Amino acid sequence: MDQRELVERARRGDPDAFARLVDPALARLDAAARLILRDPELARDAVQEALIRAWRDLPGLRDPDRLDAWLHRLIVNICLDLVRRRRRRPIEVELNPLDSPAQADPAGALADRELVDAALRRLDPNHRAIVALHYLLGMPLPAVAASLGIPLGTAKSRLHSALAAMRITVTVQSEPAPIPAPGGQVT
């Protein structure tokens, strides 16, 4: 059964068809929510809310072939809403590599991961969403733009700004602090 048929059956209220539609996307939706929200519990709530909205709003989906982009757009918008509501709450990140290559230096990899984590933490949610979808989930930039409902040029601009901000954060945090020498000299 193709996606269009499943969408039509789900629109008529078939929960099994809906489950077959969203099941392949669940892991990617959860990963996107975790990367944007930086909290596994909030991410699960966001995915649940996205599935509820998808079920409720499925009759309004104009193009069944764009279901994946529509689901990603739902999850990103829900995550951004949650971030706006919880601005004052500190957020932790859990970065799990999608494909973990063999690492020769685990301590160096951990240090690099902490630098990237700190850089991501400093980004605003809109910029963090683009970085997460493009680099950490591997979505092509046109798909990221479509998922977020923004023009491709805006997505490119935000990605460029986010990477520049991350470079600054990584550079500042990786530079060693000056060590005071005896006699008041800084080396």
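If you're wondering where the values come from, they're calculated on a predicted model, not measured in any experiment.
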Task: Exam field: side chain His134 to backbone Met139, donor-acceptor pair closer than 3.5 Å - done: yes
Task: Considering all heavy atoms, the nearest Leu42-Leu82 contact - done: O-CD1, 4.1 Å
- [ ] Determine whether more than 12 heavy atoms belonging to other residues, nucleotides or ligands lie under 6.0 Å from atom CZ of Arg11.
- [x] yes
- [ ] Nearest 0.5 Å please: distance from the CG atom of Leu163 over to the CD1 atom of Ile168.
- [x] 11.5 Å
Open item on the list: Are the side chains of Tyr135 and Leu159 in contact, using a 4.5 Å heavy-atom criterion?
Closed with: yes
Task: Beyond-backbone contact of Arg4 with Asp63, side-chain heavy atoms, under 4.5 angstrom - done: yes
Task: Test side chain to side chain contact (heavy atoms under 4.5 Å, CB included) applied to Leu74 and Leu51, step by step - done: CA-CA 9 Å; Leu74 278 175; Leu51 293 177; over 6 Å; no
Task: Donor-acceptor contact below 3.5 Å, side chain Gln3 vs main chain Leu21 - done: no
Task: Residues Asp30, Arg44: salt bridge by 4.0 Å N-O rule - done: no
- [ ] Rounded to the nearest 0.5 Å, what's the gap from CG on Asn126 to CD1 on Ile36? Could you check?
- [x] 9.5 Å
Open item on the list: To check you understand the geometry: which heavy-atom pair defines the closest contact between Val170 and Ala119, and what is its length?
Closed with: CG2-CB, 4.1 Å
Open item on the list: Which heavy atom of Ala10 sits nearest to which heavy atom of Ala17, and what is that distance?
Closed with: N-CB, 3.8 Å
Open item on the list: Can you tell me how far apart CD (Glu8) and CG (Asp2) are? Round to the nearest 0.5 Å.
Closed with: 10.0 Å
- [ ] Check whether any side-chain heavy atom of Thr169 sits under 4.5 Å from a side-chain heavy atom of Leu115, and report yes or no.
- [x] no
Task: Salt-bridge contact Arg20-Asp14 (side-chain N to carboxylate O under 4.0 Å) - done: no
Task: Separation of Leu58 CG from Leu67 CG (nearest 0.5 Å) - done: 7.0 Å
Open item on the list: Tell me every residue that passes salt bridge (Lys or Arg N to Asp or Glu O under 4.0 Å) with Arg73, counting only those two or more places apart in sequence or in another chain.
Closed with: none
Task: Check ion pair Arg53-Glu49 (N to O, under 4.0 angstrom) - done: yes
TODO: Hey, could you give me the CG/CG distance between Asp23 and Asp16, rounded to the nearest 0.5 Å?
DONE: 11.5 Å
Open item on the list: Could you tell me if the side chain of Ile78 sits less than 4.5 Å from the side chain of Val47, heavy atoms only?
Closed with: no
TODO: Applying side chain to side chain contact (heavy atoms under 4.5 Å, CB included), name anything that partners Ile52, two or more places apart in sequence or on another chain.
DONE: Gln48
Task: Residue pairs passing the ring pair (Phe, Tyr, Trp, His ring centres under 6.0 Å) test where at least one lies in residues 141-170, sequence neighbours excluded - done: none
Task: Minimal non-hydrogen separation, Cys79 against Leu37, with atom names - done: O-CD2, 3.4 Å
TODO: Take Asp57 and Trp70, measure what side chain to side chain contact (heavy atoms under 4.5 Å, CB included) needs, and give me the verdict at the end.
DONE: CA-CA 11 Å; Asp57 297 342; Trp70 182 66; 3.9 Å; yes
Task: Derivation and outcome, side chain to side chain contact (heavy atoms under 4.5 Å, CB included), residues Ile130 and Ile150 - done: CA-CA 11 Å; Ile130 288 181; Ile150 58 175; 4.1 Å; yes
Open item on the list: Run the side chain to side chain contact (heavy atoms under 4.5 Å, CB included) test on Arg122 and Met166 for me, step by step, so that the C-alpha distance in whole Å, both residues' side-chain angles and the decisive distance to 0.1 Å come before the verdict.
Closed with: CA-CA 8 Å; Arg122 296 185 71 122; Met166 288 178 73; over 6 Å; no
Open item on the list: Ignoring hydrogens, what is the shortest heavy-atom contact between Arg121 and Arg128? Give both atom names and the distance.
Closed with: O-NH1, 3.8 Å
Task: Closest contact, heavy atoms only, Ala54 versus Leu71 - done: CB-CD2, 3.7 Å
Task: Ser157 side chain to Gly153 backbone, donor-acceptor under 3.5 Å - done: no
